[in-house]
Amino acid sequence: MLVVAKGGGVRDITVGDCLELGETEAHVYVHAGSGRSLFYSWLRDLGNFPAEAPTTLRDVSRHAGQVSVTELVDRYQLNCRPVRDLIVDYLTERQPSLDYNSLEDLSRTLALHFWANLEKHHPGIDSLRLAPEVVAAWKARCRTKTSVRRLPDGSTVEVTSPRTNAFALLTTVRAFYLDLAQWALEDPGLWGPWVAPCPIKEAEISHRKHITRRRARMDQRTRERLPVLPTLVKTAADQLKNAQARLAAVRAAAPGTTFTVLGETYTKVKGTRYTDHAASATAYDTDGRRHCFGPAEQRAFWAWATVEFLRHTGVRIEEMLETSHHSITQYRLPTTGEVVPLLQIAPSKTDEEQLLLVSPELADMLSAMVCRVRDASGAIPLVRAYDPNERVWNPPFPLLFQWRWGGQNRPVSVSTIRKALDEALLASGLTDATGQPLRYQPHDFRRIFVTDAVMSGLPPHIAQVICGHKTITTTMNYKAVYPAEALEAHRAFIARRRALRPSEEYRTPTSEEWDAFLARFEKRKLSVGTCARALARSASTSTSR
């Protein structure tokens with residue numbers, strides 16, 4: 001189609017031609033197939049396109065890449081041009097010391113949550129010197145957020161809920177004012193006209209209360225999820241085993257025939273003349289529901305791999321997804337000469353490289369993953385992953401978390417990991433304190449790893465090195481254990497007190513004494529409720545009081 005429309009040969013097709021074809025089909029054919037992007041990968045493999053060209057056409061529409069500071073601010077269409085220029089200059093000054101994700105978050109806070117919010121409720125505002133009533137109203141709006149939810153009948157309703165990052169908003173705006181005041185001493189011509197009293201006092205952003213509440217909330221999550229982790233591990237393994245059994249059964253069945261697996265009966269689709277009948281992994285159950293066992297087996301495998309990888313390493317999810325075949329290395333102990341396997345974790349958040357000792361369970365999981373992602377030649381394909389934090393494409397790597405989909409090798413995305421993990425949790429039947437299905441975030445495994453390691457006797461400073469934390473305080477904040485020392489001391493104190501009392505006071509009561517005790521409480525009930533007088537006091541005395 002491109003050759004007919006543009007002329008020339010296959011070697012003359014450019015990336016722009018492919019993009020133009022995709023845009024044209026999107027406007028002409030509403031349901032234009034998502035599978036028409038495979039030709040782009042073939043052309044790229046032929047060497048038609050430059051090295052910096054996107055890996056697939058799908059990535060062009062999904063990942064826009066980095067934009068300039070001006071474009072970050074102009075997304076929110078600020079009316080006051082001088083303040084808009086000030087925010088652009090401020091972000092440009094801060095840009096060298098920030099990663100792109102932090103820069104984007106800072107632009108959103110200052111341009112959207114701060115100034116655009118003020119312009120919406122106070123039209124015509126043009127100065128950073130804010131009146132007390134304006135500041136008070138803005139702070140009240142920052143404490144809550146309004147979201148639109150769709151009801152079962154199709155209507156929508158606005159729901160107001162507390163904003164969890166209100167503390168961060170106030171802190172960022174206070175830093176903005178203080179930076180302007182500090183920079184005005186060095187460049188009064190640029191920053192001096194904008195110096196104004198800071199509307200957020202230091203007492204309003206006290207870190208102690210915020211950190212205490214946040215740690216209590218995180219500790220409760222860890223204490224709630226650590227005891228049930230073995231159930232999730234077993235469920236993920238069982239789900240993978242069952243998914244593999246269903247996939248093998250549907251592939252062995254002839255098209256249009258009925259087969260039974262795990263006590264379930266399915267009918268394999270007949271397919272069309274354009275599909276491979278024997279390789280199809282789609283079937284219908286007895287209720288007529290369609291099941292695609294191929295993608296289901298893929299998600300079950302990545303759910304199992306994610307649970308095993310995170311619980312044995314305690315790494316962040318972005319570090320897990322960037323693990324490649326090159327990360328598996330070995331080290332010879334200088335004392336015994338024994339060779340031990342190591343897993344090298346590339347620097348991410350703190351720019352700290354980590355080397356983790358590979359346990360036998362982790363080695364089994366890594367072996368299964370390597371065998372799964374190898375191609376026919378035995379090599380692990382090179383894929384380019386998109387860094388969602390920096391908005392850039394990483395160089396091709398033999399990533400372990402990759403799968404073949406739509407005729408292409410693609411890295412496993414964060415959304416796929418979360419969906420697979422949610423399916424395993426739903427199958428486990430685990431619930432929280434309110435009876436709702438229990439949810440695990442990937443970072444919960446990191447806190448569980450630290451807590452379990454410290455409880456098992458690992459020194460905290462060693463756990464700090466394993467996790468790649470800058471300070472040991474961060475590591476100890478991840479430790480969500482009960483104060484065992486205080487509990488044991490309290491139990492010993494109670495035991496000493498009991499030892500000083502006569503032993504007959506702690507004997508087991510007889511049946512007659514227990515019945516008399518219960519009968520006494522029945523006599524204490526009055527017309528207004530249950531009386532709380534002492535057991536030896538008469539009813540008349542208690543009533544008169």
Side-chain angles (χ1 to χ4, degrees), residues 229 232-233 236-237 240 301-374 378-383 385 387 389 394-403 411-414 416-417 420-421 440-454 456-470 474-475 478:
L229 180 59
L232 176 59
V233 172
L240 174 59
F301 178 84
W302 293 120
W304 171 77
T306 299
V307 172
E308 292 296 316
F309 196 101
L310 293 179
R311 79 183 184 98
H312 287 300
T313 61
V315 300
R316 304 174 182 89
I317 185 172
E318 61 269 18
E319 296 170 341
M320 180 188 74
L321 295 181
E322 292 176 0
T323 304
S324 68
H325 196 208
H326 297 162
S327 302
I328 304 175
T329 183
Q330 59 184 15
Y331 174 71
R332 186 178 298 275
L333 298 177
T335 55
T336 62
E338 180 184 0
V339 177
V340 295
L342 296 179
L343 188 65
Q344 183 181 16
I345 304 299
S348 61
K349 181 178 178 179
T350 58
D351 294 331
E352 292 287 340
E353 184 186 43
Q354 302 169 241
L355 285 174
L356 306 178
L357 183 65
V358 177
S359 62
E361 297 84 357
L362 180 59
D364 289 342
M365 189 276 300
L366 293 176
S367 176
M369 190 179 299
V370 170
C371 294
R372 186 181 187 88
V373 300
R374 278 178 174 165
I380 296 182
L382 301 179
V383 295
D387 189 341
N389 293 323
N394 295 327
F397 268 99
L399 299 179
L400 296 182
F401 281 82
Q402 63 170 286
W403 60 353
V412 180
S413 64
V414 176
T416 300
I417 294 296
L421 191 59
Y440 270 78
Q441 295 294 337
H443 210 72
D444 288 328
F445 291 94
R446 185 170 176 83
R447 296 182 177 275
I448 291 174
F449 175 83
V450 175
T451 301
D452 184 62
V454 174
S456 300
L458 185 70
H461 66 281
I462 302 299
Q464 173 194 351
V465 175
I466 293 177
C467 295
H469 289 150
K470 288 288 188 180
T474 304
T475 306
Y478 274 52

Participant: Any heavy-atom pair between the side chains of Leu321 and Ile417 that's under 4.5 Å?
Facilitator: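 Counting from C-beta outward, Ile417 and Leu321 do come under 4.5 Å.
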
Participant: Between the side chain of Arg332 and the main-chain N/O of Val339, is any donor-acceptor distance below 3.5 Å?
Facilitator: no

Participant: Report the residues that fulfil salt bridge (charged side-chain N to carboxylate O under 4.0 Å, His left out) with Arg372, sequence neighbours left out, ordered by chain and then residue number.
Facilitator: Glu297

Participant: Which value, rounded to the nearest 0.5 Å, describes the distance between Ile328 atom CD1 and Thr323 atom OG1?
Facilitator: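 Nearest 0.5 Å value for the CD1-OG1 distance: 9.0 Å.
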
Participant: Measuring from atom CE of Met365 to atom OG1 of Thr313, what distance do you get when rounded to the nearest 0.5 angstrom?
Facilitator: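 Reported to 0.5 Å precision, the distance equals 7.5 Å.
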
Participant: Rounded to the nearest 0.5 Å, what's the gap from CZ on Phe397 to NE2 on His326? Could you check?
Facilitator: 7.5 Å

Participant: What is the minimum heavy-atom distance between Tyr440 and Leu421, and which atoms define it?
Facilitator: O-CD2, 3.7 Å

Participant: How about Leu343 and Leu366: do any of their side-chain heavy atoms sit closer than 4.5 Å?
Facilitator: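 Yes - at least one pair of side-chain heavy atoms lies under 4.5 Å apart.
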
Participant: Search all heavy atoms of Leu357 against all heavy atoms of Pro341 and return the closest pair with its distance.
Facilitator: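 Nearest pair, atom of Leu357 first, then Pro341: CD1-O, 3.6 Å.
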
Participant: At what distance, to the nearest 0.5 angstrom, does CD1 of Ile345 lie from CD of Glu319?
Facilitator: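 Rounded to the nearest 0.5 Å, the CD1-CD separation comes to 6.5 Å.
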
Participant: Of all the heavy-atom pairs spanning Glu322 and Leu399, show the shortest one and how long it is.
Facilitator: O-CD2, 3.8 Å

Participant: Is the shortest side-chain heavy-atom distance between Leu229 and Phe445 below 4.5 Å?
Facilitator: yes

Participant: Report, one line per pair, each donor and acceptor closer than 3.5 Å where one atom sits in a side chain of residues 302-311; sequence neighbours left out.
Facilitator:
{"unit_1": "Thr306", "atom_1": "OG1", "unit_2": "Trp302", "atom_2": "O", "d": "2.6"}
{"unit_1": "Glu308", "atom_1": "OE1", "unit_2": "Arg311", "atom_2": "NH2", "d": "3.4"}
{"unit_1": "Glu308", "atom_1": "OE1", "unit_2": "His312", "atom_2": "NE2", "d": "3.2"}
{"unit_1": "Glu308", "atom_1": "OE2", "unit_2": "Arg311", "atom_2": "NE", "d": "3.3"}

Participant: For Val412 and Gln402, work out which heavy atoms get closest and say how close.
Facilitator: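 Scanning both residues, the minimum pair turns out to be CG2-N, 3.7 Å.
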
Participant: Which heavy atom of Tyr331 sits nearest to which heavy atom of Pro334, and what is that distance?
Facilitator: OH-CD, 3.4 Å

Participant: Could I get the full list of side-chain contact (heavy atoms from CB on, under 4.5 Å) partners for Leu355, not counting sequence neighbours?
Facilitator: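 By the side-chain contact (heavy atoms from CB on, under 4.5 Å) rule, Leu355 matches Gln344.
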
Participant: Is there a donor-acceptor pair under 3.5 Å between the side chain of Asp444 and the backbone N or O of Gln441?
Facilitator: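 Checked: pair present.
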
Participant: Take Val315 and Leu356 through the test side-chain contact (heavy atoms from CB on, under 4.5 Å) and record every step on the way to the result.
Facilitator: CA-CA 10 Å; Val315 300; Leu356 306 178; 3.9 Å; yes

